[in-house]
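Below is one structure, written out as structure tokens, with a few remarks after it.
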Amino acid sequence: MEKELKLIGSRILEQKYEIAKRVHRERTSHLTPDQLKNFPLTEKEMIEVRANFVTIFGEALQGDAELERAYIDLFNWGEQTGEFVYKLGVPLDEALKDTTYYRMFIRDAIKDEVEAQSLSLDQAFKVLDIIDPLMDKAVYCFSLTYIHFYKVMLESAKHSFLELSVPVVPLTKEIAILPLIGTIDTERAALLMEETLNHASRLQLSHLILDLSGVPIIDTMVADQIFKVIDSLKLLGVQAVITGIRPEIAQTVVQLGLDFKSIMVRSNLSTAMKELVFVKK
């Protein structure tokens, strides 16, 4: 059977450019000339890339050593191609359609050689028992890399969003406001502490108004984080003022037994600013 495997592998290698061209035609048939023009690789370069991928499968049938090497080559291919395709902005499900055509056209080459050698059905399946796991490995490695870069993008976008959710806005030379909007979870609370202290120090503030009118819920965790921010600001010489506590939030604070007595609390921004400006004068 080893001889037959090598012959089938040679057939795949002989037809690698034909297979690559067939895959390329199928995958680009729906693209407009402008889309093809804007693609980072030329048609010739793309066919070469596809032919190199097909080569891995042909060489895998040449022997055990080549089969082991094929798995390594597919891992490297998956890393490089997964990153490349992700950066092109191609959706994962769309990118994986390539493998359907690769599998189909490689099987056509196998079928031709099986018929030419008059191999049995059992022998044909032995070939597929090598090719199919290799293709599955290619899909796995490609998807793994693609998802990795997708997660990195999501984390970066999330971090950028969180940074924007802590907007310290200067009102006067020494007074600024931090309008908090939305739910404060553990991750956002940690960033709230870091960003607030950095802004307060950079702007050399004497007072920072924490406006809570956009915070839907204040529980013990949220209150604890607010207290920590206020205590940390005190160490920087910055006095915090809380504004915007809505009636329903005030009821919750009382029911939970949260103590805001040591903190300067005012009903709204206007009242707080009048008092702070008066104190400054």
Side-chain angles (χ1 to χ4, degrees), residues 1-31 36 39-88 90 92-148:
M1 186 61 194
E2 184 178 344
K3 179 182 177 182
E4 289 79 2
L5 287 176
K6 288 184 177 181
L7 288 172
I8 293 174
S10 297
R11 168 79 70 149
I12 293 173
L13 292 173
E14 289 171 5
Q15 295 186 8
K16 65 180 182 180
Y17 282 105
E18 179 59 32
I19 293 171
K21 289 176 182 177
R22 291 178 70 187
V23 173
H24 190 71
R25 283 197 298 269
E26 291 290 343
R27 297 300 287 125
T28 58
S29 60
H30 65 287
L31 299 179
L36 289 172
F39 199 77
L41 296 179
T42 64
E43 181 178 14
K44 183 178 180 180
E45 290 171 333
M46 198 63 213
I47 290 174
E48 187 68 34
V49 170
R50 296 186 185 281
N52 290 338
F53 178 65
V54 176
T55 297
I56 298 175
F57 295 88
E59 292 180 344
L61 297 174
Q62 302 302 308
D64 291 339
E66 285 75 9
L67 180 58
E68 291 179 8
R69 180 184 172 186
Y71 279 100
I72 297 174
D73 289 342
L74 286 174
F75 178 81
N76 294 330
W77 172 87
E79 283 194 328
Q80 297 170 4
T81 311
E83 179 181 3
F84 176 73
V85 172
Y86 171 77
K87 290 181 177 178
L88 285 179
V90 179
L92 180 59
D93 60 335
E94 179 66 24
L96 289 178
K97 290 179 181 178
D98 280 23
T99 58
T100 301
Y101 294 108
Y102 280 119
R103 199 185 298 267
M104 183 189 306
F105 298 143
I106 288 175
R107 284 190 174 191
D108 286 346
I110 293 172
K111 180 181 178 182
D112 291 342
E113 192 60 28
V114 166
E115 291 177 350
Q117 296 185 47
S118 299
L119 297 180
S120 67
L121 188 61
D122 183 61
Q123 289 172 316
F125 275 115
K126 285 183 179 179
V127 178
L128 295 179
D129 284 343
I130 295 175
I131 295 297
D132 284 343
L134 286 173
M135 190 65 72
D136 293 340
K137 180 70 173 181
V139 171
Y140 172 77
C141 294
F142 176 89
S143 301
L144 200 65
T145 301
Y146 187 102
I147 291 171
H148 165 72

**Report entry** Under the side chain to side chain donor-acceptor pair (under 3.5 Å) test, residues paired with T42 that sit two or more places apart
**Finding:** E45
Write down the atom of [X], the atom of [Y], and the distance for their closest heavy-atom approach.
{"X": "H24", "Y": "E43", "value": "NE2-CG, 3.5 Å"}
{"X": "I47", "Y": "A20", "value": "O-CB, 3.6 Å"}
{"X": "Q117", "Y": "L7", "value": "NE2-CB, 3.3 Å"}
{"X": "P133", "Y": "I130", "value": "CD-O, 3.4 Å"}
{"X": "L134", "Y": "A60", "value": "CD1-CB, 3.4 Å"}
{"X": "D98", "Y": "R50", "value": "OD2-NH1, 3.0 Å"}

Query raised in the report: Does any pair with a residue in residues 133-146 pass salt bridge (Lys or Arg N to Asp or Glu O under 4.0 Å), and if so which ones, sequence neighbours excluded?
Result: R103-D136
Report summary line: For residues 105-114, the salt bridge (Lys or Arg N to Asp or Glu O under 4.0 Å) pairs (sequence neighbours left out) are R11-E113, R22-D108, R107-D132
Query raised in the report: Any side-chain heavy atom of L96 sitting closer than 4.5 Å to one from Y146?
Result: no
**Report entry** Heavy-atom check, side chain of I131 versus side chain of L61, under 4.5 Å
**Finding:** yes
Query raised in the report: What residues, two or more places apart in sequence or in another chain, satisfy side-chain contact (heavy atoms from CB on, under 4.5 Å) together with K97?
Result: R27, E94
Contacts under 3.5 angstrom, residues 69-77 side chains, donor-acceptor by atom type, not counting sequence neighbours:
unit_1	atom_1	unit_2	atom_2	d
N76	ND2	I72	O	3.4
W77	NE1	T81	OG1	3.1

How long is the gap from [atom1] on [X] to [atom2] on [Y], to the nearest 0.5 Å?
{"X": "D129", "Y": "D122", "atom1": "CG", "atom2": "CG", "value": "9.0 Å"}
{"X": "I12", "Y": "I106", "atom1": "CD1", "atom2": "CD1", "value": "6.0 Å"}
{"X": "H148", "Y": "S143", "atom1": "NE2", "atom2": "OG", "value": "14.0 Å"}

Query raised in the report: Run the salt bridge (Lys or Arg N to Asp or Glu O under 4.0 Å) check on E48 and K44 step by step: do they pass?
Result: CA-CA 6 Å; E48 187 68 34; K44 183 178 180 180; over 6 Å; no
Query raised in the report: Which residues satisfy the ring-ring contact (aromatic ring centres under 6.0 Å, His included) test with F105, sequence neighbours excluded?
Result: none
Requested in this report: Sort out for me which residue in F142, F53, F57 forms a ring pair (Phe, Tyr, Trp, His ring centres under 6.0 Å) with Y102.
Outcome: F53
